Asker: 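Please see the structure below; I have some questions.
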Amino acid sequence: MTEKMKGSLALLLASVIWGSGFVAAKIGSGTMSFFSFNGMRFLAAVLILLPFAVRDIGRTGYFSQKGNGYELARVRRIRTVTGSLVCGILLAGGINLQQAGLGLCSAGRSGFITILYVIIVPVMGVVVGKRPGPRLWICVAVAVAGFALLSLKGGSHGISTGDILLLISAVVYSFQIVALNHYVTANSGVILSFGQLVVCGALSLVLGAVFDGYTLEAVRASMLPILYTAVFPTAIGFSFQTIGQEKVPPAVASLIMSLEGAFAAVFGVLILHESMTQRELLGCLLIFASVMVAQLPTKEEREQEKAV
């Protein structure tokens, strides 16, 4: 098996795990409020990943004054703290909006709306002067049509509150991805990712205490989904993503990771016995197709990959 195939397999496993995470989070939404659930979930994930983050800091010597000099070490500390705060706040916004939406929508529906961030991110490039090609705008139009079929009920119902929350969540996730790409540097990926988890978990815990409070009964009822989402989608899924992206080109990696929406739907049917109307299924299909096509490499990107 080639290194690229190993990387693709790792990313596929990450997508499967993330898809299953929608089901666990959906179960958790019925036993604990979204702030409290995510606070407990990310606290557990931070404790699991702490030894790996400490090992990575020691292995790379990223903050070492001896190896990097005082000024570079200082700049790296400031950049990591700033990046962790910005990305962590955005991650907290995205994940809590998603959890709130999950409480009102099915796991499969939530998965398909969430992966819209794959299209929103390149569209946001317009702000910094990047001009998306016509294929991306076609994908955006198809995705909007898919969202309409999935969410518009007709009559006086319109788009549900859950759908709106999930769509806003996808937009916030897009900002988080752009921010992460801005702050990450060589050898800082694991450290910055851990830092944003700490900020996200701490913020969610505080908001949970202020708005909801914690009861022993609620924690007990939510313990299994909390542990599952902490260990699998967060800790193990993150690890598979890191391994995979080291071996697979970005366009292919994004393509594989966007499969989480499809897996969320599959697990929703198998575990939660969810179902969709033909109209909703067509909407999911259009969203999925638009996301997949949007991630296909352009002619220029293929030529650059061959030149490397």
Side-chain angles (χ1 to χ4, degrees), residues 4-5 7-23 25 91 94-95 98 101-102 105-125 132-133 135-147 149-151 163 166-178 180-181 232-234 236-269 276 280-298 301-302:
K4 186 176 180 179
M5 289 178 63
S8 297
L9 179 59
L11 291 172
L12 181 61
L13 289 172
S15 298
V16 173
I17 292 170
W18 288 334
S20 69
F22 279 93
V23 173
L91 180 60
I95 197 71
Q98 183 189 78
L102 259 171
C105 296
S106 67
R109 185 191 199 89
S110 302
F112 278 106
I113 296 177
T114 298
I115 63 171
L116 285 171
Y117 72 83
V118 176
I119 287 181
I120 297 172
V121 169
V123 171
M124 288 172 59
R135 184 181 68 183
L136 181 61
W137 292 118
I138 293 172
C139 289
V140 170
V142 173
V144 170
F147 179 76
L149 286 172
L150 182 62
S151 303
D163 292 340
L166 289 166
L167 184 59
I168 297 173
S169 170
V171 174
V172 176
Y173 273 136
S174 302
F175 280 103
Q176 186 264 343
I177 292 168
V178 172
L180 191 61
N181 286 335
F232 290 94
T234 307
I236 296 178
F238 163 81
S239 300
F240 279 143
Q241 180 191 9
T242 304
I243 293 169
Q245 288 196 264
E246 290 176 353
K247 305 176 187 297
V248 178
V252 179
S254 298
L255 199 66
I256 297 173
M257 288 188 291
S258 66
L259 291 171
E260 68 172 297
F263 287 120
V266 170
F267 284 116
V269 171
M276 293 185 185
E280 290 172 332
L281 286 172
L282 179 58
C284 289
L285 180 61
L286 289 178
I287 290 174
F288 185 65
S290 65
V291 167
M292 297 293 280
V293 173
Q295 292 305 302
L296 294 176
T298 62
E301 290 171 337
R302 288 196 298 269

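The structure presented is a predicted model; accordingly, all values stated were derived computationally and were not measured.
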Asker: Give me the atom names and distance for the closest heavy-atom approach of S15 to M257.
Answerer: OG-CA, 3.2 Å
Asker: Spell out, as yes or no, whether a donor-acceptor pair under 3.5 Å connects the side chain of W18 to the backbone of E260.
Answerer: no
Asker: Are S290 and V140 packed together at the side-chain level, in the sense that at least one heavy-atom pair is separated by less than 4.5 angstrom?
Answerer: no
Asker: Any side-chain heavy atom of W137 within less than 4.5 Å of one from V123?
Answerer: yes
Asker: Distance check, rounded to the nearest 0.5 Å: Q176 atom CD versus I95 atom CD1?
Answerer: 9.5 Å
Asker: Quick one, F288 with L259, criterion side chain to side chain contact (heavy atoms under 4.5 Å, CB included). Give me CA distance, side-chain angles, the key distance, then yes/no.
Answerer: CA-CA 8 Å; F288 185 65; L259 291 171; 3.4 Å; yes
Asker: Closest heavy-atom contact between C284 and F112?
Answerer: SG-CD1, 3.4 Å
Asker: In Å, rounded to the nearest 0.5 Å, how long is the span from OG of S258 to OH of Y117?
Answerer: 7.5 Å
Asker: State whether the side chain of S169 and the backbone N or O of G94 hold a donor-acceptor pair below 3.5 Å, judged by distance alone.
Answerer: yes
Asker: Out of curiosity, M292 CE to I115 CD1, how far, rounded to the nearest 0.5 Å?
Answerer: 9.0 Å
Asker: For a quick test of reading the model, state the closest non-hydrogen atom pair linking L11 to G244 and the distance between them.
Answerer: CG-CA, 3.8 Å
Asker: Roughly how far apart are S8 OG and I256 CD1, rounded to 0.5 Å?
Answerer: 4.0 Å
Asker: Taking all atoms of both residues into account, what is the closest heavy-atom pair of C139 and V293, and its distance?
Answerer: SG-CG1, 3.7 Å
Asker: Any idea which heavy atoms bring A294 and L136 closest together, and the distance?
Answerer: CB-CD1, 4.0 Å
Asker: Nearest 0.5 angstrom please: I287 CD1 to T114 OG1, how far?
Answerer: 10.0 Å
Asker: At their closest point, which heavy atom of L167 faces which heavy atom of I113, and how far apart are they?
Answerer: N-CG2, 3.8 Å
Asker: Show your reasoning for whether side chain to side chain contact (heavy atoms under 4.5 Å, CB included) applies to R109 and D163.
Answerer: CA-CA 9 Å; R109 185 191 199 89; D163 292 340; 2.8 Å; yes
Asker: In Å and rounded to the nearest 0.5 Å, what is the CG to NZ distance from L9 to K4?
Answerer: 14.5 Å
Asker: Under 3.5 Å, side chain of S174 to main-chain N/O of I120, donor-acceptor pair present?
Answerer: no
Asker: Does CZ belonging to F175 count more than 12 external heavy atoms closer than 6.0 Å?
Answerer: no
